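Note on naming: letters A, B, ... go to the chains in the order of the sequence lines (proteins, then strands), and numbering restarts at 1 for each one. Quick caveat, the model's predicted, so the values are computed rather than measured.
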Amino acid sequence: MRRKEGKLVPLEISILAAISQLCQQGKDCYGFQIAKKIEELEGRTFLSGYGAFYRALERLEEMGFLSGQWEDPDVALEGNRPRRRLYDLVVKESITPVSLTDETKPEVLRFGTAEA
Amino acid sequence: MMRNLLIGVTLIFTGLGVKAYLLDVVKAVVLGWVWLYTTCASERGERQRLLIESFLHDEIAYLEDQGYTPAEIAVRIIGHWVRGLPSDAKWGLPFYREMFGRKLLGWSDAVRYFRTPKYVIPTLATLGIMNWAYYDSQNGRPLLGWFGINAVTICMAVLIFNYKRPLVRRILNGLFGTGILSMIGFVVWMTVRYRAYELHDFWAILFAMAALSPVIVVVDKSWRTRLFRGRWWLVIVSWVLIFAASLGSSQAMTGGVKSFFEVWAFAAILVVSMLFVVGIFTLATGALWHGGIKGTAAGLRLISAGLQRRR
């Protein structure tokens, strides 16, 4: 999908909504957990490719919606699995960054913090 | 529709008796693809590889907990993978383009400063022409007789054009020394075997050959240093002595200077004609090669710039 400057694509909006819910539930926000949440929220199979999904997360980080940090290696070692990258919403109370246009705002608010 | 498709494919896989190891194969394929399209993206690529590996691990663990069979999990993973293929390729392509552009730039520099072919190619071209001339003169007989000469010429060309390298210089010095000693030995043998010392022209040719030694001395710095310790005037003195000795021997043996002039005229014509023929071809092929190198380097740089600008 061709991106318009300053606008979010549907996948990014879904990710923000999922992370918002996960944060409220006090759960860790990492790749697979977010994808699972999106499936749950949208009521259908997660339809993104792996790469596209993580690139959307990366863009959201770059745009300042999300902050991400790598999990403590010891925790991953204990779980005998690869390290996860944990995400958090930068503005938790109301997702209204400047770059969010009127067109995308209602979507995020519907899934995200405003509804909660 | 997608869901039905997934169920259908799952049933086919299950029906075919897909084993658990298929999951490992599928995982390897997906990670292999991820490596392929991210390998040129340095840090970002590395990050994506780690993230996707982690995702796959979590996904497989979760689905196994949920009681999915390996075939079902494999189908689901393949579904994700296939859906992402176009987007992944689109994302990875600019990195490949940039990497290729950088490589082209490197090749361009390598071509510009690639000394050996710059000199060896004209030598080979000249050798080729000489081979052809020989072949033509032999009415199509095989060139096996010239194989040794060709091989030695190529080896010598490679050595001479790399004479700045210390190892090559040592080899060349050794070869020059051995060559001179062999020549002296050969001449002595010929002289005794065929009683060449009875011929006046033999002595004149011998002097002419001896006259070549100052050329070697002038061309090769190490020999010059070794023999004359940098005193250039000794080279001139050597030549004067050689001419004087040649003239003296001609006068003493034939009672005139005719033999002297004949031999030196012959030597001069031989050298000049050789230089002319070989020189013309070497210069022509050298110019072509030089132009080719410059053109290729410039072309590679242009393509590289074009590729990198499109990024």
Side-chain angles (χ1 to χ4, degrees), chain A residues 1-3 9-12 14-15 18-19 22 27-40 42-63 66-87, chain B residues 1-7 10 26-27 29-39 41 43-66 68 72-73 75-95:
Chain A
M1 178 179 288
R2 189 167 286 280
R3 158 188 300 277
V9 296
L11 176 61
E12 292 163 348
S14 302
I15 288 172
I19 292 178
L22 286 169
K27 289 182 179 170
D28 281 345
C29 300
Y30 54 89
F32 180 65
Q33 188 80 292
I34 298 166
K36 207 145 62 75
K37 193 60 164 174
I38 292 172
E39 280 189 354
E40 191 185 309
E42 297 185 354
R44 60 189 171 97
T45 313
F46 180 57
L47 286 173
S48 165
Y50 297 112
F53 175 65
Y54 275 109
R55 286 193 288 279
L57 279 166
E58 194 180 318
R59 279 195 301 273
L60 288 169
E61 270 194 81
E62 283 168 4
M63 290 159 84
L66 298 177
S67 68
Q69 59 178 14
W70 287 100
E71 186 182 42
D72 186 350
D74 293 334
V75 177
L77 205 64
E78 267 178 38
N80 195 24
R81 56 175 169 71
R83 282 171 80 190
R84 293 165 175 162
R85 190 165 173 82
L86 303 171
Y87 298 93
Chain B
M1 186 200 169
M2 182 63 78
R3 192 182 181 81
N4 291 338
L5 190 68
L6 285 176
I7 292 168
T10 307
V26 168
K27 199 175 160 186
V29 168
V30 173
L31 291 177
W33 165 251
V34 173
W35 177 85
L36 190 70
Y37 81 82
T38 58
T39 191
E43 278 176 28
R44 287 181 75 189
E46 175 70 18
R47 187 169 125 152
Q48 257 196 56
R49 285 196 287 277
L50 292 173
L51 289 168
I52 291 172
E53 195 183 347
S54 167
F55 189 106
L56 273 177
H57 182 276
D58 289 337
E59 186 177 25
I60 291 169
Y62 173 78
L63 293 172
E64 278 174 349
D65 281 350
Q66 295 292 308
Y68 284 83
E72 287 168 332
I73 300 171
V75 168
R76 191 182 156 111
I77 290 173
I78 290 171
H80 273 303
W81 173 57
V82 171
R83 272 197 298 268
L85 283 177
S87 156
D88 293 342
K90 192 181 165 192
W91 184 82
L93 203 62
F95 291 104

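- Using a 4.5 Å cut-off between heavy atoms, B:Val30 contacts chain A through its side chain alone, with no backbone atom that close.
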Requested in this report: Kindly indicate, with the supporting measurements, whether the criterion ring pair (Phe, Tyr, Trp, His ring centres under 6.0 Å) is fulfilled by B:Phe55 and A:Phe53.
Outcome: CA-CA 10 Å; B:Phe55 189 106; A:Phe53 175 65; 5.7 Å; yes
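- Note that NE2 of B:His57 is 6.5 Å distant from CG of A:Asn80, once rounded to the nearest 0.5 Å.
- Using a cut-off of 4.0 Å between Lys/Arg side-chain N and Asp/Glu carboxylate O, B:Glu59 and A:Arg81 are scored as not salt-bridged.
- Between chain A and the options B:Gly92, B:Gly84, B:Ser54, the largest number of non-hydrogen pairs under 4.5 Å is found for B:Ser54.
- If you check the side chains of A:Tyr50 and B:Glu53, you find no donor sitting under 3.5 Å from an acceptor.
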Requested in this report: Report the C-alpha distance between B:Arg44 and A:Glu58 in whole Å, list the side-chain angles of each, state the deciding distance to 0.1 Å, and finish with yes or no for salt bridge (Lys or Arg N to Asp or Glu O under 4.0 Å).
Outcome: CA-CA 9 Å; B:Arg44 287 181 75 189; A:Glu58 194 180 318; 2.7 Å; yes
Query raised in the report: Do B:Leu51 and A:Trp70 pass the side-chain contact (heavy atoms from CB on, under 4.5 Å) test, and can you show the C-alpha distance, the side-chain angles, and the key distance before you say yes or no?
Result: CA-CA 10 Å; B:Leu51 289 168; A:Trp70 287 100; 3.7 Å; yes
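- No side-chain heavy atom of A:Arg83 sits less than 4.5 Å from a side-chain heavy atom of B:Leu50.
- Within a 6.0 Å sphere centred on CD of B:Gln66, other residues, nucleotides and ligands contribute more than 12 heavy atoms.
- Contact annotation: the side chain of A:Arg55 approaches that of B:Asp88 to within less than 4.5 Å [non-hydrogen atoms, C-beta and beyond].
- Within 6.0 Å of the CD atom in B:Glu43, the count of heavy atoms belonging to other residues, nucleotides or ligands does not exceed 12.
- Of the residues considered (B:Leu85, B:Leu56, B:Ile52), B:Ile52 shows the highest number of contacts with chain A, using heavy-atom pairs under 4.5 Å.
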